[in-house]
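In what follows, a structure is listed as structure tokens, so that the remarks can point back to it.
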There are 2 protein chains.
Amino acid sequence: MLPEKTIERLSKYRRYLLEKLEQQEEYLYSHELAAALHLTPEQVRRDIMLIGYTGTQRKGYSIKELIEVISKILDGDNKINAVIIGMGHLGKAISNYFSIKRSNIEIVAAFDIDSSKVDRIISGIKSYHVDNLDLIINETDAKIAILTLSPAGAQDITDQLVYAGIKGILNFTSVTLRVPEDVYIENYDMITSLEKVAYFVKENINNEGTL
Amino acid sequence: MLPEKTIERLSKYRRYLLEKLEQQEEYLYSHELAAALHLTPEQVRRDIMLIGYTGTQRKGYSIKELIEVISKILDGDNKINAVIIGMGHLGKAISNYFSIKRSNIEIVAAFDIDSSKVDRIISGIKSYHVDNLDLIINETDAKIAILTLSPAGAQDITDQLVYAGIKGILNFTSVTLRVPEDVYIENYDMITSLEKVAYFVKENINNEGTL
DNA sequence: AAAACAATGTTATTTTAATAACAATTATTT
DNA sequence: AAATAATTGTTATTAAAATAACATTGTTTT
Ligand SMILES: NC(=O)c1ccc[n+]([C@@H]2O[C@H](COP(=O)([O-])OP(=O)(O)OC[C@H]3O[C@@H](n4cnc5c(N)ncnc54)[C@H](O)[C@@H]3O)[C@@H](O)[C@H]2O)c1
Ligand SMILES: NC(=O)c1ccc[n+]([C@@H]2O[C@H](COP(=O)([O-])OP(=O)(O)OC[C@H]3O[C@@H](n4cnc5c(N)ncnc54)[C@H](O)[C@@H]3O)[C@@H](O)[C@H]2O)c1
């Protein structure tokens, strides 16, 4: 099992590599990738070593091959399906983002409780009423859920998702969810990110010149 | 200077503590906080030690006091102002989220290039045309910017922001931004979060029972 | 008032992650 | 064809973060 941080970086590497591939580039060096993502070349090389790929000295890494190796790690043999719950502002932003930046995770269905947002296609994703949750998750064999619904319904929906066989949740609601041990949860809160930025901005301003 | 990870957790602690305060609770134990946020009690106690607060043994931490101490760390003496660039789906979701969950960072202005989204108030935030960027940032003394605009304009806007005196950026565009050393950037990409969830879901499924 | 208990605060240890160092190798130049 | 330069792959070192251990102390019970 690879370190969490390496997994995060691999995802970023792949996104950058895909851009380069579109620009018809064939090879790249560890220091290019590092510079683009604000990392060190050593770290890039170490990550690539860990996934067992080797480039050619003096020439760098084959972009095409590296993408393939990373994809094998991140995607495994078969693709993985996801659903999204709550098609408000955030849900739409994410759906739309996924339809543009392709990833090997496919969002196969969206759900909402509001009948005006249901039974239509939004950013290429079919939207269903939450009453069909269990049915559609089983039909599509989705294993991941993205939660962008109102906080009030979050725990209740989570219980239903777990029952339906969801094994990973990306949670954008501010609710702290209770799930069985074998369900992996990743919480994300923009306020935390922003407060972190604020803290380091303040530290920087205070220490101006003293570093 | 406190560790990055501690800062992230402090933000989460505060959010949880504020909830508890609203429920009229007075004290809480390290293990309660830990359980709620999927951490260990040791880590909670260590973080609290690092910020120099002490609870009372057998009784736990005073919720009110702990919030005050964390706020002093995260907010410092004076509040910090932020602006948001791009009032599309994501920009609106964030503005709205901030107007509900209060934080001591204030979003003082929003900007967009689309005249139909400009010169009105969205989720309590006044929205301006980007042409006024420099003017408004100076007037409001904003130090942080949240980027939720279309990728195409991101680097150009960033240059303007830096020129106007912005010192911290929370970047949601997929563009890798170039900034001077004294500007702190936090990049966030949902695809990375989701691919991380997918990876650990797969690992879990593969290792079922073998752990 | 004494004893038992249950929580904190802090130091020590372990684990994980990042950085650095450098030998091996492969293109390129002379 | 030999020398040079530049980049990789890997091991060693350092730094950061998390966990564990445990002595200390305030609270409760008897
Ligand atoms: N973590 C973050 O950084 C962050 C940022 C912004 C918003 N949020 C949160 O994300 C969520 C969505 O934000 P938004 O701005 O899109 O809000 P929104 O009100 O625009 O959208 C919420 C959607 O969820 C639907 N919904 C409500 N209850 C439901 C249920 N039981 N089942 C299915 N659908 C249901 C609503 O009909 C609506 O379409 C909120 O919980 C908000 O607090 C989090
Ligand atoms: N990081 C992530 O996880 C994530 C998720 C979703 C979307 N995104 C990105 O966030 C951005 C916004 O997404 P969205 O769904 O809200 O898109 P959107 O198209 O709904 O909104 C973009 C807004 O930016 C405005 N804009 C364009 N150029 C501008 C400029 N030069 N100055 C000011 N405003 C400008 C547009 O008028 C529009 O209102 C996009 O870059 C998208 O790729 C990132």
Side-chain angles (χ1 to χ4, degrees), chain A residues 1-13 17 20 25-67 69-70 73 181 184 186-187 192 196 199-200 203 211, chain B residues 1-13 17 20 25-67 69-70 73 186-187 192 196 199-200 203 211:
Chain A
M1 181 121 74
L2 295 162
E4 271 200 42
K5 290 298 164 65
T6 296
I7 296 298
E8 284 183 28
R9 284 191 296 267
L10 288 177
S11 168
K12 291 177 183 178
Y13 295 164
L17 291 165
K20 285 284 157 188
E25 307 265 335
E26 281 196 51
Y27 285 86
L28 107 170
Y29 301 121
S30 58
H31 62 254
E32 292 179 88
L33 195 48
L37 304 182
H38 305 296
L39 303 166
T40 64
E42 291 80 13
Q43 190 160 60
V44 169
R45 291 209 300 277
R46 208 169 194 297
D47 286 336
I48 292 176
M49 185 197 92
L50 287 175
I51 62 175
Y53 178 67
T54 62
T56 51
Q57 275 150 339
R58 202 70 203 274
K59 218 173 157 189
Y61 302 97
S62 153
I63 292 177
K64 196 161 155 290
E65 284 177 21
L66 188 48
I67 290 172
V69 176
I70 293 177
I73 303 273
E181 268 208 0
Y184 182 92
E186 174 90 5
N187 291 300
T192 297
K196 191 174 157 193
Y199 177 79
F200 288 106
E203 288 293 316
L211 259 168
Chain B
M1 182 121 73
L2 296 161
E4 271 201 40
K5 291 296 164 66
T6 297
I7 296 298
E8 284 183 27
R9 285 190 297 266
L10 288 177
S11 167
K12 291 177 184 178
Y13 295 164
L17 291 166
K20 284 283 155 189
E25 306 264 336
E26 281 196 52
Y27 286 86
L28 107 170
Y29 301 122
S30 58
H31 59 84
E32 291 180 87
L33 196 47
L37 305 182
H38 306 296
L39 303 167
T40 63
E42 292 79 15
Q43 191 159 61
V44 170
R45 291 208 301 276
R46 207 168 195 297
D47 286 335
I48 292 176
M49 186 199 90
L50 286 176
I51 62 175
Y53 178 68
T54 62
T56 51
Q57 275 151 339
R58 200 72 201 274
K59 218 173 157 189
Y61 302 97
S62 153
I63 291 177
K64 197 161 153 291
E65 284 177 19
L66 188 49
I67 290 173
V69 176
I70 292 176
I73 303 272
E186 174 91 5
N187 292 300
T192 296
K196 192 174 157 192
Y199 177 78
F200 288 107
E203 288 293 316
L211 259 169

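Within every chain, numbering begins at 1; the chains are lettered A, B, ... in the order of the sequence lines, protein sequences first and strands thereafter. Hydrogens, waters and symmetry mates play no part in the numbers below; they use all other heavy atoms, side chains included. As the structure is a prediction and not an experimental result, all values here were calculated from the model.
The shortest distance between side-chain heavy atoms of B:Y61 and B:L17 does not fall below 4.5 Å. By the 4.5 Å heavy-atom criterion applied to side chains, A:F200 and B:M1 are counted as neighbours. Contact of the B:E4 side chain with the A:Y199 side chain is not registered, since no non-hydrogen atoms from C-beta on lie closer than 4.5 Å.
Residue A:T54 is in sugar-phosphate contact alone, with no base atom involved, counting any heavy-atom pair closer than 4.0 Å across all strands shown. Counting non-hydrogen atoms under 4.0 angstrom, A:S30 reaches the backbone sugars and phosphates but no base.
Scanning all heavy atoms of the two residues, the minimum distance from B:P41 to B:A34 falls at N-CB, 3.4 Å. Shown here for A:E8 and B:T192, the closest heavy-atom pair between the two residues is O-CG2, 3.7 Å. Residues A:I73 and A:L2 come closest through the heavy atom pair CG2-CD1, 3.6 Å. The shortest heavy-atom contact between A:Y184 and B:K196 is OH-CE, 3.6 Å.
Checking the phosphate oxygens (OP1, OP2) of C:dG9, a side-chain nitrogen or oxygen of B:Y61 falls inside 4.0 Å. Applying the 4.0 Å criterion to OP1 and OP2 of C:dA17, one finds that A:R9 has every side-chain N and O outside that range. A:Y27 has no side-chain polar atom (N or O) that falls below the 4.0 Å cut-off from OP1 or OP2 of D:dA6.
What separates CE of A:M1 from C1' of C:dT15 is a distance of 15 Å, to the nearest Å. Counting to the nearest Å, the P atom of D:dT19 and the CD1 atom of B:I48 are 16 Å from each other. What separates CD1 of A:I7 from P of C:dT16 is a distance of 15 Å, to the nearest Å. Between B:L33 atom CG and C:dA7 atom C1' the separation is 15 Å, expressed in whole Å. Between B:L28 atom CG and C:dA7 atom C1' the separation is 12 Å, expressed in whole Å. Regarding B:H31, its NE2 atom lies at a distance of 10 Å from the P atom of C:dA6, rounded to whole Å. Between the CE atom of B:M49 and the P atom of C:dA12 there is a distance of 12 Å, given to the nearest Å. If you take CG of B:L50 and P of D:dA17, they are 11 Å apart, rounded to a whole angstrom.
The nucleotide whose nearest atom lies closest to any side-chain atom of B:K5 is, among C:dT11, D:dT7, D:dA17, D:dA17. For B:E4, taking side-chain heavy atoms from C-beta onward, the closest of the listed nucleotides C:dA7, D:dA17, D:dG9 is D:dA17.
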Please set out all donor-acceptor pairs under 3.5 angstrom arising from side-chain atoms of residues 43-54 of chain A, sequence neighbours excluded.
| residue | atom | partner | partner atom | Å |
| --- | --- | --- | --- | --- |
| A:D47 | OD1 | A:T6 | OG1 | 3.1 |
| A:D47 | OD1 | A:R9 | NH2 | 3.1 |
| A:D47 | OD2 | A:R9 | NE | 2.6 |
| A:D47 | OD2 | A:R9 | NH2 | 3.4 |
| A:D47 | OD2 | A:Y13 | OH | 2.7 |
| A:Y53 | OH | A:S62 | N | 3.4 |
| A:Y53 | OH | A:E65 | OE1 | 2.8 |

Please list, for nucleotides 25-27 of chain C, all pairs of protein and nucleotide N/O atoms separated by less than 3.5 Å.
| residue | atom | partner | partner atom | Å |
| --- | --- | --- | --- | --- |
| C:dT25 | O4' | A:Q57 | OE1 | 2.9 |
| C:dT25 | O3' | A:Q57 | OE1 | 3.4 |
| C:dA27 | N3 | A:R58 | NH1 | 2.8 |

Pairs under 3.5 Å (N/O, protein and nucleotides 19-22 of chain C):
| residue | atom | partner | partner atom | Å |
| --- | --- | --- | --- | --- |
| C:dT19 | O4 | A:R46 | NE | 3.2 |

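Counting heavy-atom neighbours within 6.0 Å of A:E26 CD, excluding the residue itself, gives a total of 12 or less.
Of the inter-residue distances, the one linking B:I67 atom CD1 with B:K20 atom NZ reads 12.0 Å to the nearest 0.5 angstrom.
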